[in-house]
2 protein chains.
Amino acid sequence: MNHKVTIADIARELNLTGATVSRALNNRKGTSEDTRRLVQDTAERMNYRRDRIAYSLRSGRTNIIGVIIPSAEINFFGSVVHGIESMANQHGYSVLLYQSNEQPEYEKKGIETFLSSRVDGILASIAKETTEFSHYLEIKERGVPLVFFDRANDSLNIPSVVIDDYKGAYIATEHLIRQGYKRIAHIAGQQHLKIFKDRLEGYKAALTAYGITVEDELVYFGNVSIASGRQAIQHLLSLSKPPDAVFAVEDFTALGAVKEIKDKRIEIPEAFGVVGFANESFDEHITPSLSSIDQQTVQMGKEAFKLLMELIEDKGDVHVQKRTKIVLEPLAAFRQSSMRR
Amino acid sequence: MNHKVTIADIARELNLTGATVSRALNNRKGTSEDTRRLVQDTAERMNYRRDRIAYSLRSGRTNIIGVIIPSAEINFFGSVVHGIESMANQHGYSVLLYQSNEQPEYEKKGIETFLSSRVDGILASIAKETTEFSHYLEIKERGVPLVFFDRANDSLNIPSVVIDDYKGAYIATEHLIRQGYKRIAHIAGQQHLKIFKDRLEGYKAALTAYGITVEDELVYFGNVSIASGRQAIQHLLSLSKPPDAVFAVEDFTALGAVKEIKDKRIEIPEAFGVVGFANESFDEHITPSLSSIDQQTVQMGKEAFKLLMELIEDKGDVHVQKRTKIVLEPLAAFRQSSMRR
DNA sequence: GTGAAAGCGCTAACAG
DNA sequence: CTGTTAGCGCTTTCAC
């Protein structure tokens, strides 16, 4: 472990001063072509690497962004982080990762750490348990750019990147209609979460658009789980006029539905169609393969980073005040569970 | 955006000097109880937060570790990162995340960034395409602690945390034997990768231990994919004495095998047993659910961080030279595809 | 117990 | 075109 090479070392080596070496290394104007080359070659030879800490202290920029996700163990977020990091890397930024575990206390601690680390900007997906948002507003007050992804809160007036849940639900429902299913049910999620509410709305809108009456008894309110999907099917099939298809609010719920339908020896997709939401990796491997709606996770990460970077670079500009919301298109991922034709 | 509060601000407010404030904030000895309390209260009131950049520049410590993974999109690594970040957070460290995309060029760039950022230590899983390791050795030369997880290279003499692939394969094969299967095949992976080689060895060892002769024709060398699993089954079933069970090197291969076996109308697990490796999330949702070997991903992340932290704190100690290798126990995750009894 | 002063490594003013 | 000086915010000697 040899002593770390600093600008001063290079300066000494070449009988120059630190300032000149710094200028040469950064290709600032005011250095002769000769010295610049000389300095850069020497730096290379001595294996010099700029100290980002010192650079940051002096310049006020860290080229680091903080990212808060509920958990890296959730596929969805791993995928978004993949998009974020790829794009960040491309633009010379590093990613500091923090998990909220769905708890506001962790969120707060993460934000503390990020601010203390002087990150240039923050990307965050709000924890499920969070109901009070002052810690996010503090980021704003500190003048640090912030962008929400996936889990946003419109009332905070903070830029965000989300997907169009309403439209995704609409597409899913429309697909079932076009496949000739006559009574289409919906297994809904908790309605205090906007994404689930939007999906219910999208479902209703599609039915209405095709002249089909929305029947309350065909909407089952579950809690987003495999068990909930099973219960929903049990209930729905017990109706005097049972449905012949279901759009589930999310893939695990759809999976539960599929399992229950199979247990009841009802043929999928011939006698019963199923569509989920999220395009989980298991979708294509179960039998029958599960139709779903893709949320463009990687793209979401990329867009979120790009938006954040714009905010970082426009800082102080009037622009920053402009509320921005990027809404991504959900994509159809239809498979056996709903393809009757 | 009000001006950021510094130690100097607090000192001015209290007619003290920065040195005293710093001591008081950090509970260093040499400050009266009174001033300490006063300073801490004032800091709280003024909403002071220590600047990590300045702290790092002065102290030489960042409390940041760098983590290199192939991709955050791969479940396995998301899970390990979850373990790493949880443990790091608990110990006051932050995680800087970098994806290698399986390419050595990215690895090098990530290492550059980490060293330049003065991370206190580095955790890495080697990229598949990497065959030359000088960039990793440079970390060592720089005196920065490094620990490999999952994908390690024993010849580099660098501490690592891995799972016992040999034993996992042994357990899987033994289980099939105990379930009464008589001719057990193995779909192997590329043998230049140590993990796959170890699994083949474990398979052979289990057979031998139970007095069963290892037959070369029952070992199919595939390339780790669904398609490869299907091909393997086609080949194995065409033998004059076909197997009645298979241990696949990894879950996607096992999945391909299951699909092919089902297509051939052979009953699983009655007429044919299947065990995979990795305990992928789809395992429990396919039909029949897939038996597998769990790799303790979260635990791996936690152990890796703990080991790294020890190295960071023992730095300069003789200890550091001691080669350390933590081998985690693979866990049985047996399900329908192999449970005949 | 507190203050004064120096310095971590870098860059930006200002001179020359 | 290059050097001198100062300072980012913090901690740590060394005095008093």
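We name chains A, B, ... by the order of the sequence lines, and we start the count at 1 in each one.
Listed by chain and number, the residues in a side-chain hydrogen bond (donor to acceptor under 3.5 Å, both in side chains) with A/D150 amount to none (sequence neighbours excluded). Shown here are the side-chain hydrogen bond (donor to acceptor under 3.5 Å, both in side chains) partners of A/K109, two or more places apart in sequence or in another chain: B/N89. Residues satisfying the ring-ring contact (aromatic ring centres under 6.0 Å, His included) criterion with B/F76, sequence neighbours excluded, are absent altogether. Remark: B/Y106 pairs with no residue by the ring-ring contact (aromatic ring centres under 6.0 Å, His included) rule, at least two apart or across chains. Residues meeting the side-chain hydrogen bond (donor to acceptor under 3.5 Å, both in side chains) test with B/S32, sequence neighbours left out: B/T35. In this structure, B/F77 has no ring-ring contact (aromatic ring centres under 6.0 Å, His included) partners at least two apart in sequence or on a different chain.
Taking atom CD1 of residue A/I53 and atom P of nucleotide C/dT11, one finds them 13 Å apart after rounding to whole Å. Taking atom CZ of B/R52 as the reference point, atom C1' of D/dC8 lies 18 Å away to the nearest angstrom. Residue A/I10 contributes atom CD1, which lies 12 Å from atom C1' of C/dG9 at whole-angstrom precision. As rounded to whole Å, 15 Å separates atom P of D/dC10 from atom CG of B/N63. In this structure, B/L25 places its CG atom 13 Å from P of C/dT2, rounding to the nearest Å. In this structure, A/L14 atom CG and D/dC1 atom C1' are separated by 16 Å, rounded to whole Å. In this structure, B/R28 atom CZ and C/dT2 atom C1' are separated by 16 Å, rounded to whole Å. Rounded to an integer number of Å, the gap from A/N27 CG to D/dC1 P is 14 Å.
Between its opening and closing five pairs, the helix from C/dG1-D/dC16 to C/dG16-D/dC1 changes axis direction by 40°, a value rounded to 10 degrees.
Using a 3.5 Å distance cut-off with no hydrogens or angles, the side chains of A/S94 and A/R52 do pair a donor with an acceptor. There is a side-chain donor-acceptor pair under 3.5 Å between A/Y136 and A/E107. Side-chain atoms of A/E129 and A/Q103 include no donor-acceptor pair closer than 3.5 Å.
For the pair B/E102 and B/R151, the salt-bridge criterion is met [side-chain N within less than 4.0 Å of a carboxylate O].
A/T17 comes within contact range of at least one nucleobase, with a heavy-atom separation under 4.0 Å. Counting any heavy atom pair closer than 4.0 Å across all strands shown, A/L16 reaches sugar-phosphate atoms only and no base atom. Using a 4.0 Å heavy-atom distance criterion, B/D34 is classed as making no nucleic acid contact.
Along DNA chain D, the nucleotide nearest B/I7 and the nucleotide nearest A/E33 are compared for position; the residue whose nucleotide lies closer to the 5' end is A/E33. Nearest-nucleotide mapping onto DNA chain C: of B/N15 and B/R118, the residue sitting toward the 5' end is B/N15.
Contact annotation: B/S32 side-chain N/O to C/dT2 OP1/OP2 distance is under 4.0 Å. The side chain of B/S22 places an N or O atom within less than 4.0 Å of a non-bridging phosphate oxygen (OP1 or OP2) of D/dT11.
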Residues 297-307 of chain A side chain polar contacts: donor-acceptor under 3.5 Å, at least two apart:
from   : atom 1 : to     : atom 2 : distance (Å)
A/T297 : OG1    : A/S79  : OG     : 2.8
A/Q299 : NE2    : A/E303 : OE2    : 2.9

Less than 3.5 Å apart, which donor and acceptor atoms pair up between the side chains of residues 12-22 of chain A and the rest of the protein, not counting sequence neighbours?
from  : atom 1 : to   : atom 2 : distance (Å)
A/R12 : NH1    : A/D9 : OD1    : 3.2

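Counting non-hydrogen atoms of other residues, nucleotides and ligands closer than 6.0 Å to CZ of B/R61 gives a total above 12. Residue B/K108 places its NZ atom among more than 12 non-hydrogen atoms of other residues, nucleotides or ligands, all under 6.0 Å distant.
Within residues 55-62 of chain A, the residues that have a heavy atom under 4.0 Å from DNA chain C are, in order of number, A/Y55, A/R58. Residues from residues 35-46 of chain B with heavy atoms under 4.0 angstrom of DNA chain C, sorted by number: B/T35.
Inter-residue side-chain proximity for B/R45 and B/T42 is flagged as met; some heavy-atom pair is nearer than 4.5 Å.
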Could I get a table of every N or O pair under 3.5 Å where one atom is in the protein and the other is in nucleotides 13-16 of chain D?
none

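The side chain of A/T31 approaches D/dT2 more closely than any other nucleotide in the set D/dT12, C/dC10, D/dT2.
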